[in-house]
Amino acid sequence: MPADGPGEQVLAGSVPLTREFFDRPGHEVAPDLLGRVIVHGPVSVRLTEVEAYGTPGEDPASHTYRGRTPRNAVMFGPPGHLYVYFTYGMHYCANIVCLPEGVGSGVLLRAGEVVAGAEVARARRTAGASRTVTARDLARGPARLAVALGFTRQDDGLDVCPPGPVNVLRGDPPGEGEIRSGPRTGVSSARETPWRFWVDGDSTVSPYRAHVPRRR
DNA sequence: CATTTGATGTACT
DNA sequence: GTACATCAAATGG
C-alpha cells in the first residue's frame, strides 16, 4: 500500500498501544489519547478531543450508569475494544472501552484531524448528499468522526489492540501545557466533572455546547 | 455570525 | 410519553 499523505510518514515505525494502556480509568486514559492516531483501514485520525465516562453507579452521564443493556454490553467487556452506539435515531459514536471486564468505563472519541485517507473519509462524509466538507470538518464531532473512520453498528466490539482491525499509534503527542480539560459536551448531569480533554488551540476540536433542554 | 428546527433509535418514567 | 455523549439545513442579523 502506498503512502497516503504526511501522516503516514509520522507514523512510520510507531508501535500500537496494547491492552494494558486501556486497563485504567477512562479519565486517566483520555488525556493520554490526545495526539494519538487511530487507524481503521485506509483512514487515520489524530485525536484532538475526547471525553471519559465512568463506572456503573458512579457516573450518571455514562451509558453504563444503570447497568448492562444490549446496547452497552461491550462496555462491560475487556478493555481495548470499540463501543459503537447509535443515538438520536441517526448517528453513531465510538468509544474505547477502559478498565477490566465487568466494570464498564470508556472514552468517547469526540474529534480529530484526518491524517491519512482523507479522500475515503470525504467520500463517506458526503455520500448521498450534495455538499462539500472541509478538511477541518471531516472528523470534527463524535458522529462525524465515526463516519470518517467508517464505524457503524457492525464495528461495535472491534478489538483496538494488535492484531485487531483498529489500532492506536503514537502520532504527535501534544505537550502537557497544550492539554486542556473541562465539562463534558451536551451532558445534563455531572456537569462539574471535567472529563472532556482537548488539544488547546487545535482547529479540529468541536465547539463546546452545554446541555440545553429542548422545547417542543 | 447566531438561533431554531427536523431527523427518530434506544432506554427509561 | 420524555430525554438523549448529534448533525445539518434553514433562517435571521
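Just so it is clear: chains get the letters A, B, ... in the order the sequence lines come, proteins before strands, and each one is counted from 1.
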Checklist entry - Which part of the nucleic acid, if any, lies within reach of A:R153 when heavy atoms closer than 4.0 Å are counted: base, sugar-phosphate only, or nothing? => result sugar-phosphate
Item to check | Interatomic distance where CH2 belongs to A:W198 and C1' belongs to C:dA5 [whole Å] | outcome: 16 Å
Item to check | Pair A:R19 + A:D159: basic N to acidic O under 4.0 Å | outcome: yes
Next on the checklist: From the set B:dA11, B:dC12, C:dA8, return the single nucleotide nearest to any side-chain atom of A:R144.
Outcome noted: C:dA8
Checklist entry - Of the candidate nucleotides C:dA5, C:dC7, B:dA7, which contains the atom at the shortest distance from the side chain of A:M90? => result B:dA7
Item to check | A:F86 and A:Y92 aromatic ring geometry - parallel, tilted or perpendicular at 30°/60° bounds | outcome: tilted
Next on the checklist: Looking only at the side chain of A:R66 (C-beta and beyond, no hydrogens), which of the listed nucleotides C:dC7, B:dC12, C:dC4 gets closest?
Outcome noted: B:dC12
Item to check | Watson-Crick or G-U wobble mate for B:dT8, both contacts under 3.5 Å | outcome: none
Checklist entry - So, are A:E51 and A:R184 salt-bridged, with charged N and O less than 4.0 Å apart? => result no
Item to check | Nucleotide C:dA9, atom P - distance to CG of A:D137 in whole Å | outcome: 12 Å
Checklist entry - A:H91 side chain: which of C:dT6, B:dA7, B:dA11 is closest? => result C:dT6
Checklist outcome for this item: A:Y85 atom OH is separated from C:dC4 atom C1', nearest whole Å, by 9 Å
Checklist entry - B:dA11, C:dA9, C:dA5: which one has an atom nearest the side-chain heavy atoms of A:T69? => result B:dA11
Checklist outcome for this item: Against the side chain of A:P70, the closest entry in B:dA11, C:dA8, B:dG9 is B:dA11
Checklist entry - What about A:Y88: does its side chain form a donor-acceptor pair under 3.5 Å with the base of B:dA7? => result no
Next on the checklist: For B:dG9, is there a stacking contact with A:F86, counting only centres under 5.5 Å and planes under 30°?
Outcome noted: no
Next on the checklist: Less than 4.0 angstrom between a side-chain N/O of A:R71 and OP1 or OP2 of B:dG9, yes or no?
Outcome noted: no
Checklist entry - Got a salt bridge between A:R36 and A:D172, using NZ or NE/NH1/NH2 to carboxylate O under 4.0 Å? => result no
Next on the checklist: Please determine whether a side-chain nitrogen of the Lys or Arg among A:R122 and A:D137 lies less than 4.0 Å from a carboxylate oxygen of the Asp or Glu.
Outcome noted: no
Next on the checklist: Using a 4.0 Å heavy-atom cut-off, does A:R184 contact any base of the nucleic acid, only the sugar-phosphate backbone, or nothing at all?
Outcome noted: nothing
